[in-house]
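Notes for the one structure printed next.
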Amino acid sequence: MWPTDEESLVARQRELAATPAEPWTPPDEGLRTGGCWVCFARGQAGPGSAGDPAWTASVAMREGRVLEQHVIRGAAGAAYVPGLLALRLGALMEQAVRALAGRPDVLLVDATGRDHPHRAGLALHLGAELAMPTVGVTHRPLRAEGPWPADRRGATSPLRLGDEVVACWLRTRPGVRPLVVHPGWRVDLHTAVALVSGAARRRTPEPLRRARQAAREARSRADVR
DNA sequence: GCGACAG
DNA sequence: ATCTTGTCGC
């Protein structure tokens, strides 16, 4: 179950941050990569609020092919507050990923891992709840800092929170703003970068792109009706 | 007190 | 997250 208030979420985050997780290594072949994306109604700005209608998509891919995808309709658990994204999206994402009949080996999520006030962002949290290795991919860091990498595909540069490297910039396309890659549940930085880089034909890794497309497509169908 | 702050 | 206009490139 997901916490529904700040106090219990923060308690859970502190607990997760201190929980050791068995390191995971991708299989040599046949890797099934999942992606999950949430979108909200168009035309709204700001942090939103509890109950906002949401479309959450999950996809599973293997060797560049979509194996399966689902979109669920649901409602946001809370307004967006930095550091408390799990209150808004956690339950929605878990439900969408559980709708997949075939469990992905690893899940990509647009959220942070250790780059978080309590070192337990939603990518880490969701992986723990699902008992599934996760990698976070965001447009920018939450709290960590570091300069951009060189303008070459695959170039990386560390993002630090104090002395600790908690994530890194990754240039998936030359001439395009880099992404932030966050090691999540049971995944280390090196593995996370390899997975995202390997899955990114465009700026955004394919499973996340497909999930985003599916969620927005479902929203547009709903808009018309 | 104020701004910054994953989505 | 979402919006906005034009613009550049394949």
Side-chain angles (χ1 to χ4, degrees), chain A residues 2-3 6 9-10 12-13 16-17 35-58 71-97 107-129 134-146 159-162 166-170 173-185 187 192 196 201-205 208-209 211-220 222-223:
Chain A
W2 290 84
E6 174 172 356
L9 175 60
V10 170
R12 177 68 175 137
Q13 288 171 340
L16 281 169
C36 183
W37 188 277
V38 183
C39 74
F40 293 97
R42 307 182 54 174
Q44 298 185 342
S49 53
D52 287 344
W55 291 261
T56 307
S58 59
V71 180
I72 62 158
R73 275 298 320 270
Y80 169 68
V81 175
L84 305 179
L85 187 58
L87 292 181
R88 182 161 175 79
L89 304 183
L92 291 171
M93 287 187 160
E94 180 183 359
Q95 189 183 338
V97 175
L107 180 73
L108 271 44
V109 190
D110 54 326
T112 71
R114 249 65 226 209
D115 173 16
H116 182 274
H118 305 301
R119 302 294 196 280
L122 179 55
L124 195 81
H125 194 157
L126 183 63
E129 292 301 319
T134 53
V135 173
V137 177
T138 62
H139 296 309
R140 57 181 196 260
L142 177 56
R143 302 292 291 274
E145 296 179 345
L159 281 157
R160 291 186 168 86
L161 216 43
V166 293
C168 71
W169 291 109
L170 168 65
R173 300 273 299 178
V176 174
R177 180 188 171 90
L179 295 173
V180 182
V181 176
H182 306 262
W185 187 245
V187 176
V196 173
R201 308 185 332 126
R202 313 301 220 97
R203 178 175 184 249
T204 305
L208 280 181
R209 278 190 71 229
R212 179 173 59 195
Q213 283 175 355
R216 289 178 174 171
E217 198 267 336
R219 179 184 61 187
S220 68
D223 284 346

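The figures here come from the full heavy-atom set of this structure, side chains too, leaving out hydrogens, waters and symmetry mates.
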**OP:** Give a yes/no answer on whether the side chain of A/Arg42 brings an N or O atom under 4.0 Å of OP1 or OP2 in C/dA1.
**Re:** no

Original post:
What is the distance, rounded to the nearest whole Å, between atom OH of A/Tyr80 and atom C1' of B/dC5?
Top reply: 6 Å

**OP:** Measure the distance from CZ on A/Arg177 to P on B/dA6 and round it to the nearest whole Å.
**Re:** 11 Å

Original post:
What integer distance in Å separates A/Arg219:CZ from C/dA1:P?
Top reply: 10 Å

Subject >> Selection from B/dA6, C/dT2, B/dG7 that lies nearest to any side-chain heavy atom of A/Arg88 >> reply: B/dG7

**OP:** Select base, sugar-phosphate, or nothing to describe what A/Leu85 touches, counting heavy atoms under 4.0 Å on all strands.
**Re:** base

Original post:
So what does A/Gly83 hit on the nucleic acid, given a heavy-atom distance under 4.0 Å: a base, only sugar-phosphate, or nothing?
Top reply: base

Original post:
Roughly, in whole Å, what's the span from CZ in A/Phe40 to C1' in B/dA6?
Top reply: 13 Å

Subject >> A/Glu129 side chain to A/Trp2 side chain, donor-acceptor N/O pair below 3.5 angstrom >> reply: no

Subject >> A/Leu92 CG to C/dA1 P, straight-line distance once rounded to whole Å >> reply: 15 Å

Original post:
Looking at A/His125 versus A/Trp185, is the centre-to-centre ring distance below 6.0 Å?
Top reply: no

**OP:** Answer with base, sugar-phosphate or nothing: what part of the nucleic acid does A/Gly46 contact at a heavy-atom distance below 4.0 Å?
**Re:** base

Original post:
How would you label the contact of A/Gly121 with the nucleic acid (heavy atoms, under 4.0 Å): base, sugar-phosphate, or nothing?
Top reply: base

**OP:** Return the value, rounded to whole Å, for the distance between atom CH2 of A/Trp55 and atom C1' of B/dG7.
**Re:** 16 Å

Original post:
Any ion pair linking A/Glu217 and A/Arg212 (charged N to carboxylate O, less than 4.0 Å)?
Top reply: no

**OP:** Output the distance between atom NE2 (A/His182) and atom CG (A/Leu122), rounded to the nearest 0.5 Å.
**Re:** 11.0 Å

Subject >> Pi-cation contact, A/Phe40 with A/Arg219 (under 6.0 Å, within 45°) >> reply: no

Original post:
Has A/Arg212 got a side-chain N or O lying under 4.0 Å from the OP1 or OP2 atom of C/dA1?
Top reply: no

Original post:
To the nearest 0.5 Å, what is the distance between CG (A/Leu179) and CH2 (A/Trp169)?
Top reply: 9.0 Å

**OP:** Could you tell me the separation between the CZ atom of A/Arg114 and the CG atom of A/Leu159, rounded to the nearest 0.5 Å?
**Re:** 15.5 Å

**OP:** Quick one: pull up CZ in A/Arg203 and CG in A/Leu170 and give me the separation to the nearest 0.5 Å.
**Re:** 10.0 Å

**OP:** For DNA chain C, produce a single dot-bracket line, 5' to 3'. Pairs: Watson-Crick or G-U wobble, both distances under 3.5 Å. Symbols: ( ) within strand, [ ] crossing, | other strand, . unpaired.
**Re:** ..........

Subject >> Proximity to the side chain of A/Thr138 - top-ranked nucleotide from B/dC5, B/dG7, C/dA1 >> reply: B/dG7

Original post:
With a 4.5 Å heavy-atom cut-off, do A/Arg42 and A/Arg216 have their side chains touching?
Top reply: no

**OP:** Under 4.0 Å between any heavy atoms, over every strand shown, what does A/Leu87 touch: base, sugar-phosphate, or nothing? Just pick one.
**Re:** nothing

Subject >> Rounded distance (Å) that lies between atom P of B/dA6 and atom CG of A/Leu208 >> reply: 17 Å

Original post:
Over how many whole Å does the gap from A/Trp37 atom CH2 to C/dT2 atom P extend?
Top reply: 7 Å

Original post:
Hey, what do you get for CD (A/Gln95) to CG (A/Leu92), rounding to the nearest 0.5 Å?
Top reply: 7.0 Å

Original post:
Looking at residues 110-119 of chain A, who's got a heavy atom less than 4.0 Å off DNA chain B?
Top reply: A/Asp110, A/Ala111, A/Thr112, A/His116

